[in-house]
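To keep things clear, I will list the structure first and then write my remarks on it.
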There are 2 protein chains.
Amino acid sequence: MEKEVTIYDIAELLQLSAATVSRALNDHPAINIKTRQRVQSKANELGYRSNTFASNLRKKTTQTLGVIVPRLNSHFMSSVLAGMEVVANKAGYHMLISQSLESAANEKANARTMFNNRVDGLLVSLAYDTESYDHFAGFIKKKVPLLFFDRVTDFMECPGIVIDNYKAGYEATRHLLAQGCQQILHVTGNLRRNVYNDRMEGYKKAIQEAGLSERAVQVIVNDLSAEAGVVLARQIMAMEQKPDGVFVASDICAVNCMRALIDAGYRIPDDVAFVGFNNDHVSQIIDPKLTTVDYPGHQMGELAVSTMINHLTSNQPLGATSSIVLRSQLIVRASSKRLLGAD
Amino acid sequence: MEKEVTIYDIAELLQLSAATVSRALNDHPAINIKTRQRVQSKANELGYRSNTFASNLRKKTTQTLGVIVPRLNSHFMSSVLAGMEVVANKAGYHMLISQSLESAANEKANARTMFNNRVDGLLVSLAYDTESYDHFAGFIKKKVPLLFFDRVTDFMECPGIVIDNYKAGYEATRHLLAQGCQQILHVTGNLRRNVYNDRMEGYKKAIQEAGLSERAVQVIVNDLSAEAGVVLARQIMAMEQKPDGVFVASDICAVNCMRALIDAGYRIPDDVAFVGFNNDHVSQIIDPKLTTVDYPGHQMGELAVSTMINHLTSNQPLGATSSIVLRSQLIVRASSKRLLGAD
DNA sequence: TTTTGAATTGCAATCGGTTGCAATTTAAAA
DNA sequence: TTTTAAATTGCAACCGATTGCAATTCAAAA
């Protein structure tokens, strides 16, 4: 059982041509049903496995989708990937996954690899510091469909799958205002990325609409990590004029900040109300539970891949769709409820 | 720029043979350095990209590792994958990832796909209900190296990368005993999987050693999900003889249970002490912070892949190594500290 | 200038399926 | 029974890179 069995072996044993065997194995309708069965059972008997390379080489398709994400290990991203995998698997596609670790250089290298591996399509969520998009030019040129999700860009003529971050930011802020907050601090990530910039714009808009002064707009940019949350708490404690509301663009960062503040004696939401983002597990574990924006990661992954596959099989131009917006929703919990009966 | 450039195109333009071009592109030492440079710069100029299939077809190697995990979206697993990706990427390998969703049937199908795709090696963490291992037989037969991590099995002659779950369970329980707990409840997952069974055995051993009666051994099996944690809290509240210590084999499940108990008025650790497993993010967010077992996921991923690649390149027999045990460690936090000055 | 060995390069087969088109067989219609 | 169309099957040329071995080139030694 050392040597690999090929269609030629089967063909010889069955006194058929390789062409017929190939067709039989692929359920080609032109092949007589009896022949087909004979071939397939013989293939099973011999432990035949199709050689994907030979097939790909000839067919010029890989049944593989490339995925480049900033990090694999975040609650949100792993949900997205899980969703992607389910749909891809069902449609007979495989996923080649790599992470940029938030570095544009890595992203570039990974894109190159995906390119050489001739993925049928590429799904990307941009790294923190990606500014140039040259590394995707090859895909465009070779007409390999490209799709961005979550962290998207307007610089490329590619569809993006997103939530309405502007609206989410706006509503989160409105909610804090409605709870009586007057000085709302917004903490977010690199503003080059749409997800963070849009949320901030929504935040600003809400502040302006509320008729608050310019000074009411207060933004801190960090990397939204757990550690950054602890640092943030120290920053807040050191402020001469403390915020009475904080809107953080990530639950992980938010809860760590809350925890540090609580340990230091702050009362939430009375001293300061909190709203996070992502509806991460931790948002329901912290006490008080964290008001947050539900972010349908799994669904986003499913949608990204099904859009891609739909395009690949039906050959509809992907460029046509400019973006797909998923519904997100503010989930109000105790961390921001300052008024009785408020929702 | 529509048509793909091949080595033949380059060969013709440079009045060379395809063989020479191929060697030049691969830095073959037999090729004159000037020729090599001419070829490489021409390749760049034309936007040449190597056709991986043709190469694989000829070389019979894929530079791809298959990974099958129960779920992508858990804190632990995504850390493992992140670690794997870093090492694989650095060594020029790609990762084909799929999830079994805890179903043996899916695992089987995924293994088949990996097999057909001729991954150079396969890394597996077993599904909840996998009982037969036939779907891995092909890999053994074809001498494709196979390696299990975390959820391993003794039924196959394959190396496994694990932590000492027995010891971890033992120490966690000893810790609770040392804190004065007399009735320790152990909550864990499917006992068919080593990770859960071993932890339980460690737990039992510690109970026995403490000279407690048979009745002191109390085990509940669930799926360790967040929801299961809430259910667990109800179960505990309904018990006539309540435990004064709970050792849960997963942080997620533990914290959700704690949260429900706290909301119901229980005091932790005074009424009941808690120890979790995994050192998940949430363990530091819950109040009181959760004592847990640190589980080096990222490191486990790195090690799994580097072991595999090392084997692939040096051709050392993988079978020789039977298992690699990573160090894990009990991290004591407030959820289990009942004695002053205890650690 | 000839010899000789090393350095380069090319030939041609090979990896294993796929597919357009032609050839053959089979079955239905005349 | 012959004609004709439909159903099957086979031929042979791909897909693009790799590599053992032979051929050629080149330069140094004789």
Side-chain angles (χ1 to χ4, degrees), chain A residues 2-40 42-43 46-64 92 113 115-120 142 144, chain B residues 2-40 42-43 46-64 92 113 115-120 142 144:
Chain A
E2 264 302 282
K3 174 117 181 2
E4 287 286 345
V5 181
T6 72
I7 53 170
Y8 297 98
D9 300 327
I10 300 179
E12 198 175 334
L13 284 169
L14 259 39
Q15 291 296 319
L16 289 168
S17 73
T20 302
V21 173
S22 171
R23 293 194 177 102
L25 290 171
N26 290 304
D27 285 324
H28 193 290
I31 300 298
N32 187 300
I33 184 114
K34 274 183 78 174
T35 313
R36 210 185 304 176
Q37 285 166 355
R38 268 198 323 144
V39 169
Q40 294 181 352
K42 180 59 89 178
L46 299 178
Y48 167 82
R49 56 172 172 166
S50 162
N51 186 320
T52 321
F53 315 137
S55 171
N56 286 346
L57 174 59
R58 186 59 226 252
K59 290 199 298 188
K60 304 185 169 215
T61 160
T62 60
Q63 296 292 105
T64 299
T113 304
F115 192 60
N116 283 335
N117 269 286
R118 288 177 164 62
V119 292
D120 285 349
K142 288 286 197 310
V144 177
Chain B
E2 263 301 282
K3 173 119 181 1
E4 287 285 345
V5 181
T6 72
I7 53 170
Y8 298 99
D9 300 327
I10 299 180
E12 197 174 335
L13 283 170
L14 260 39
Q15 290 296 320
L16 289 169
S17 73
T20 302
V21 173
S22 171
R23 293 195 178 99
L25 289 170
N26 290 304
D27 285 324
H28 192 289
I31 301 298
N32 188 301
I33 185 118
K34 274 184 77 174
T35 313
R36 211 184 303 176
Q37 285 165 356
R38 270 196 326 142
V39 170
Q40 293 181 353
K42 180 59 90 178
L46 299 178
Y48 167 82
R49 56 171 173 167
S50 162
N51 186 319
T52 322
F53 316 136
S55 172
N56 286 346
L57 175 58
R58 187 58 224 253
K59 291 198 299 189
K60 303 188 170 210
T61 159
T62 60
Q63 296 292 105
T64 299
T113 304
F115 191 60
N116 283 334
N117 269 286
R118 287 175 164 62
V119 292
D120 284 349
K142 288 286 196 311
V144 177

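Reminder, nothing fancy here: chain letters follow the sequence lines and each chain counts from 1.
- Nucleotide C:dT14 holds its P atom 21 Å from the CG atom of B:Asn51, rounded to whole Å.
- If you check every strand for non-hydrogen atoms under 4.0 Å, A:Leu25 touches nothing.
- Contact annotation: side chain of B:Arg49 to base of D:dG16, donor-acceptor pair absent below 3.5 Å.
- The shortest distance between side-chain heavy atoms of A:Leu57 and B:Asn51 falls below 4.5 Å.
- Listed nucleotides: C:dT8, C:dG17, C:dG10. Nearest to the side chain of B:Thr20: C:dG10.
- With DNA chain C read from its 5' end, the first of the two nearest nucleotides for B:Arg118 and B:Ile33 is the one closest to B:Ile33.
- Within the nucleic acid shown, A:Ser55 comes within 4.0 Å of sugar-phosphate atoms alone, with no base atom in reach, counting heavy atoms only.
- Remark: the B:Arg58 side chain and the D:dG20 base include no donor-acceptor N/O pair separated by less than 3.5 Å.
- At C:dT18, one or more side-chain N or O atoms of A:Ser22 fall inside 4.0 Å of OP1 or OP2 (strictly under the cut-off).
- Residue B:Thr6 has no polar side-chain atom (N or O) positioned under 4.0 Å from OP1 or OP2 of D:dC15.
- With C:dT18, D:dG16, C:dG16 as the candidates, the nucleotide lying closest to the side chain of A:Asn26 is C:dT18.
- When side chains are defined from C-beta on, B:His28 does not count as touching B:Arg36, because their heavy atoms never get closer than 4.5 Å.
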Can A:Val39 and A:Ile10 be said to form a side chain to side chain contact (heavy atoms under 4.5 Å, CB included), step by step? CA-CA 7 Å; A:Val39 169; A:Ile10 300 179; 4.3 Å; yes
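- Contacts of B:Tyr8 with the nucleic acid, taken as non-hydrogen atoms under 4.0 Å apart, include base atoms.
- Atom NE2 in B:His28 sits about 11 Å away from atom P in D:dT18, given to the nearest Å.
- Judged by closest nucleotide on DNA chain C, B:Arg23 is the one of B:Ala54 and B:Arg23 placed further toward the 5' end.
- A:Asn56 comes within 4.0 angstrom of nothing in the nucleic acid, heavy atoms only.
- The nearest whole Å value for the distance from the NZ atom in B:Lys34 to the C1' atom in C:dT9 is 16 Å.
- Atom CG of A:Leu57 and atom P of D:dA17 are 9 Å apart (whole Å).
- Whole-Å rounding puts the A:Asn32 CG to C:dT25 C1' distance at 11 Å.
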CA sep, side-chain torsions, deciding dist, call: B:Thr62, B:Asp120, side chain to side chain donor-acceptor pair (under 3.5 Å): CA-CA 6 Å; B:Thr62 60; B:Asp120 284 349; 3.0 Å; yes
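- Taking atom NZ of residue B:Lys59 and atom P of nucleotide D:dT19, one finds them 7 Å apart after rounding to whole Å.
- Nucleotide C:dT8 holds its C1' atom 15 Å from the CG atom of B:Leu14, rounded to whole Å.
- Counting heavy atoms from C-beta outward, B:Thr64 and B:Asn117 have side chains that stay 4.5 Å or more apart.
- Look at CD on A:Glu12: it is 14 Å from P on C:dG16, rounded to the nearest Å.
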